[in-house]
Amino acid sequence: MNENAFFFANISSIPSELIDKSRLQKAMLFELSMARAESELLRGTVASWDECLKIAAQRQQRHFDARIPEKLEPHDILVAEYASRNLVIMLKSFQAQRPSAILEHAPLIPGLGWVASGNGDFAIGSTLVEVKHTDRSFGAGDFRQVLMYWLLRYARTIESRDAVWSDVLFLNPRRNTALLVNYDHLLRSASASSNRVELVELLRSAVGQDFDRR
């Protein structure tokens, strides 16, 4: 699917030599950029780096191998600001093509059985947005992840009649790459022989969920 990837003309990828100068773990470094971008997009004001560090530290503490810095160095801020600016431009550019679509932060990913509920990165109207700060192309693991998100959402929709996402937009601010995938195409690629209801039933069986069909 990466042959359909595209880039944004008004930004550039982050040079690897800049990233290498930061001593922070990559996950922490780009978590900082997410916190910074979210503050600008949601509040209209840019959070201080101390505030961004606090938010990023809270999120990264969920991972046992996370190393939380006491302070940020200039190289850390340079890279995080670069990634944050790229992400904001990407999201605003995509939203501008859909003027009536609302930008939603942390859209709900419903739980099912033993699978706990969670949150995605963003959604713009009926498009789920998944942000990846990696040095590679979007891969099979990324597609499986967002397919699971859709199936969990669709399983809830059957009961609640809420709207489901029609597309997923992958964004990589680090490499200035993006990929828009239609969910029906993704579902067909995952299982050409099963429709969406059958896939949800397979998921329900896998998580051991017994539903009351009232």
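Note: hydrogens, waters and symmetry copies are ignored here, and every other heavy atom, side chains too, is used.
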Interatomic spacing from [atom1] in [X] to [atom2] in [Y] - rounded to 0.5 Å:
| X | Y | atom1 | atom2 | answer |
| --- | --- | --- | --- | --- |
| Phe30 | Ser22 | CZ | OG | 8.5 Å |
| Arg23 | Leu72 | CZ | CG | 14.0 Å |
| Leu53 | Asp76 | CG | CG | 9.5 Å |
| Ile124 | Asp167 | CD1 | CG | 11.5 Å |
| Leu42 | Glu40 | CG | CD | 10.0 Å |
| Tyr149 | Asn119 | OH | CG | 9.0 Å |

If the condition is salt bridge (Lys or Arg N to Asp or Glu O under 4.0 Å), which residues does Asp142 pass it with, not counting sequence neighbours?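 Checked Asp142 against salt bridge (Lys or Arg N to Asp or Glu O under 4.0 Å); matches are Lys132, Arg136.
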Do [X] and [Y] belong together in a cluster built from hydrophobic side chains that touch within less than 4.5 Å?
| X | Y | value |
| --- | --- | --- |
| Leu180 | Val164 | no |
| Met148 | Trp165 | yes |
| Leu169 | Leu87 | yes |
| Leu147 | Val115 | yes |
| Ile77 | Ile19 | yes |

For Ala56, which residues count as a side chain to side chain contact (heavy atoms under 4.5 Å, CB included) partner, sequence neighbours excluded?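 Partners of Ala56 by the side chain to side chain contact (heavy atoms under 4.5 Å, CB included) criterion, ordered by chain and then number, come out as Met28, Glu31, Leu32.
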Taking only residues two or more places apart in sequence, or in another chain, which ones meet Ile55 in a side chain to side chain contact (heavy atoms under 4.5 Å, CB included)?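 Once residues adjacent in sequence are excluded, the partners of Ile55 under the side chain to side chain contact (heavy atoms under 4.5 Å, CB included) criterion are Ala35, Glu51, Arg59.
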Please report the closest heavy-atom contact between [X] and [Y], naming both atoms and the distance.
| X | Y | result |
| --- | --- | --- |
| Pro110 | Leu152 | O-CB, 3.4 Å |
| Leu179 | Ala5 | CD1-N, 3.7 Å |
| Val146 | Val168 | CG1-CG2, 3.9 Å |
| Pro173 | His133 | CG-NE2, 3.6 Å |
| Ser12 | Asn86 | O-ND2, 2.9 Å |

Does either side chain, that of Tyr82 or that of Ser33, offer a donor lying less than 3.5 Å from an acceptor on the other one?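 Result is no, nothing qualifies.
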With a 4.5 Å limit on heavy-atom distance, are the side chains of Asn4 and Val181 in contact?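 No; the side chains remain at least 4.5 Å from each other.
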Measuring only between side-chain heavy atoms, which start at C-beta, is Asn172 closer than 4.5 Å to Thr177?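 A side-chain contact under 4.5 Å exists here.
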Evaluate whether atom CD of Glu70 has more than 12 neighbouring non-hydrogen atoms of other residues, nucleotides or ligands under 6.0 angstrom away.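 At most 12 heavy atoms, drawn from other residues, nucleotides or ligands, come within 6.0 Å of this atom.
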Step through the shown structure and confirm whether more than 12 heavy atoms of other residues, nucleotides or ligands are within 6.0 Å of NZ on Lys26.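 Correct, the count exceeds 12.
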Give a yes or no answer on whether the side chain of [X] reaches the backbone of [Y] with a donor-acceptor pair at less than 3.5 Å.
| X | Y | answer |
| --- | --- | --- |
| Gln60 | Ile68 | no |
| Ser84 | Ala37 | yes |
| Arg144 | Gly139 | no |
| Arg36 | Ala47 | yes |

Phe64: which residues meet the ring-ring contact (aromatic ring centres under 6.0 Å, His included) condition with it, sequence neighbours left out?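 Listed in chain order: nothing, the list is empty.
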With sequence neighbours left out, what residues match Phe138 under ring-ring contact (aromatic ring centres under 6.0 Å, His included)?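 Applying ring-ring contact (aromatic ring centres under 6.0 Å, His included) to Phe138 gives Phe170.
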Using 30° and 60° as the class limits, which term best fits the ring planes of Phe6 and Phe8: parallel, tilted or perpendicular?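 Phe6 and Phe8: tilted rings.
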Show me, pair by pair, the donor-acceptor contacts under 3.5 angstrom made by side chains of residues 90-109, not counting sequence neighbours?
from	atom 1	to	atom 2	distance (Å)
Ser93	OG	Ile89	O	2.7
Gln95	NE2	Ala101	O	3.1
His105	NE2	Glu38	OE2	3.3

Pair Phe122-Leu41, side chain to side chain contact (heavy atoms under 4.5 Å, CB included): steps then yes or no: CA-CA 11 Å; Phe122 299 94; Leu41 290 164; 4.1 Å; yes
Between Val79 and Leu18, is a side chain to side chain contact (heavy atoms under 4.5 Å, CB included) present by the stated rule, with each step listed? CA-CA 7 Å; Val79 175; Leu18 289 184; 4.2 Å; yes
List the steps and the verdict of side chain to side chain contact (heavy atoms under 4.5 Å, CB included) for Trp150 and Leu187. CA-CA 9 Å; Trp150 188 93; Leu187 287 161; 3.8 Å; yes
